[in-house]
Amino acid sequence: MVARVTLEIALRKEFDYAIPPEFADRIEVGSRVKVPFGPREVLGVVTALVEQSTHTNLRFIANVIGRQSQVTPRILALARWIADYYCCPVEIALKSVLPDAVRKESSGWRERLYVRVLPRTGEVPKLTKRQADVWHVMEEWRELPLQELLRLTGATGETVRRLEDRGLVTIAPQISERDPYANETILASQPLALNPEQARALEKVVAAMDSLARKGGKGEGAKGRSDPPLPGSLSPFPPGPPAVFLLHGVTGSGKTEVYLQAIAQAIAQGKGAIVLVPEISLTPQTVERFKARFNSGQFQTIVAVLHSHLSAGERHDEWQKIRQGRARIVIGARSAIFAPVEPLGLLVVDEEHEHSYKQEESPRYQARDVAVVRGQMEGAVVLLGSATPSMESFYNVRRGKYALLEMTSRVDDQKMPIVRVVDLRAENRKARGVQIFSEKLKEAITQRLERKEQSILFLNRRGWSASLQCPSCGYVAECPNCSVSLTFHRAAQKLLCHICGHTAPAPRACPKCANPAIRYAGLGTERVEDTLIKLFPQARVKRMDSDTLKRKEDYRRILGDFRSGKIDILVGTQMIAKGLHFPNVTLVGIVHADLSLHIPDFRAGERTFQLLTQVAGRAGRGEGEVIVQAFTPFHPAIQYARRHDYAGFYEQEIEYREQLKYPPVARIALLVVKGRNEEKVAFWAEHLRRELEKLIADAASSKTESGETKGRENESGELDLGGLEFPSTLPPVSAPSSPIRDLVIAGPAAAPLARAETFYRYQIMLRTRQMTTLSRHLAKLSESIQLPDDVTLTIDIDPVNLA
Ligand SMILES: [Zn+2]
Ligand SMILES: [Zn+2]
């Protein structure tokens, strides 16, 4: 047998290696191997086993890593899909499906020395005082890590060895699992009673899981696990409509309880579940809720946690527990979508609209979309949840691709908070000057302070001011590396670039004309905090943004202080908008609601609507009040958020997207060309456009000759997710097949962020509904074009960041 291997060094090629007899029974598809390549050894993954190779003189695989194959055939198929659709080499996709700690074998299981009492016949031999002390402890504990025993008794290792010599105990290494939550006491929780809306949602999800289980017959449980056929034959997909649900539930409607009970159903069917949450909401409280339900009681299932704050060792252990099938429930951030849970019954994506599900480096995948694809490949139900669904997901509901589940009331039966919009233009005219706080907001804060209730003030910009400007000569302090103005941070007396981190001392006078009356325009959280302290000297004010959170613990500490009432007013950026629930917060103030409207992005309105709704959701029970200050108070994003009217917002927004053929009506591919020489960047961007047009024109003219290629796209079992074509899981087709009829090419032009970190950036935006085909053209383009060393091209499919 010959193993086909993709190497980690991204060569967009597979290589054949001979399998040495000693590894014959250990090498399978998905095994991680070390192979000779030129003069060195490199890591790779076995992607296929074949009878023979067309090459002669094959070299032998040097080593196999791990006892089990690390990439399961299902995950391998998913990686191929990612490579194909997101237009990257399969080895790059494979790299991201394993945590680094597992992939690089940088950490293995941790072994510790354990002391254990041996079964004994007859009397205990005579012991010294010290030995007897140790022995008494061991008699009580029977088994202890050596370190722990030494700590408890104050004895030395020598004393314990003496006990071993006398046949009383053994000292032997044993695997000791690292548990990132070992120090937390978690009390078991019982399922809560559901309200009618929750019950209806759960019922539909469970019915879909039952129906898939009957159809697939793969749910016999852990003992029936068997590896599926090779990816090439992993189609067609389970027939019938995709089992994807969009759970649209207002803040506080109890979505998590629905997730928990749906997961319980998956476990009962002998399957596992993956829950994705945005990294920022992966707080200990969130994890605790899942562990409390499943780690004890009737389930006794291990809940594994995967996120970037774990140590490499912890990540290794959590991942291995999943791979071994001991942990059947995984909760994690973006990359947990690749957790090797088998068989998989349910995939939950909470806060599905969050942009952090998109990876901003290659492979630039969108974890929510990968979840939908994975669910369909493995016959699992997908449950997307949000209070403000993305336009993409709701569009799929409207087109009948996803089923909608709605939860419109809060579990505690509280009313939605009252939202008032204040017109800052009128306010400023009245006050004859720029006001940070309107009269209404000031009154509301005073009221809360008197009633000993808490307030949250939100502003989506950190620092003191947006820019430093000279009123006499017009000078604006700009970053020397990026095409943005510098933000003034007063506490540090510095100007800071929020793109590249460049800092400069804040000048006392205009560097150009020496005018000492320089002005700080715009507003940041630092200034809001400062003004608050001046206006309300008696209030306890705390700011929460990335400037005040230097360490991991800071986040927990500030939130803890807020929860226990040590803070009256919390000021912050979107960090405070996410999923936090504080019952004593009765006022939420949004200082500048339109800040996020004025960015060069077609999603600005959607983002503003989402942000306002999320922040407003922080207003707790009783007299919840939200005050929104805005310069454009009648903007639809603000008005629909005020009325808690998601459907209304969607209807008017989709009209605008239809007109301009923006997602979700079409899909976008963004090509960004970067380099230090602007002319060169512009030249190559132009060249790329011409080459792409040529490729597509060639495909169009050759199409008539080869009816065969056209057929292939159809038979490949298109994942018709969202009605826009999604690629199949078949291996990438080497030649792009069909022409693209609806392609719109915009650019090249300087990107909105024209220069970042000293690099000039040009972009070409492509819009089409046929992204699979376009991706293949783009893959071919990036392979065939030879860019100079100092010019780079990135291809971003379905980008969320258009700057
Ligand atoms: Zn000046
Ligand atoms: Zn910069």
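Atoms within a ligand are numbered from 1 in the order they appear, just like the ligands themselves.
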*What protein N, O or S atoms come within a distance below 2.8 Å of the Zn ion (ligand 2), ordered by chain and number?*
C479 SG, C482 SG, C497 SG, C500 SG
Is it true that [X] and [Y] have a side-chain N and a carboxylate O under 4.0 angstrom from each other?
X	Y	value
E529	R462	no
R607	D601	yes
E392	R603	yes
K95	E91	no

*asked:* Can you see whether Y760 has R755 sitting over its ring - NZ or CZ less than 6.0 Å from the centre and within 45° of the normal?
replied: yes
*Y662 ring centre to R767 NZ or CZ under 6.0 Å, with the angle to the axis within 45°?*
yes
*Leaving waters out, which protein N, O or S atoms fall under 2.8 Å from the Zn ion (ligand 1)?*
C470 SG, C473 SG, C510 SG, C513 SG
_Would you say NZ of K494 has more than 12 non-hydrogen atoms from neighbouring residues, nucleotides or ligands within 6.0 angstrom?_
no
*Under the side-chain hydrogen bond (donor to acceptor under 3.5 Å, both in side chains) rule, what do T632 and D594 come out as? Steps first, then yes or no, please.*
CA-CA 7 Å; T632 48; D594 25 26; 2.9 Å; yes
_L766: which of L671, I797, I795, L670 passes side chain to side chain contact (heavy atoms under 4.5 Å, CB included)_ = L671
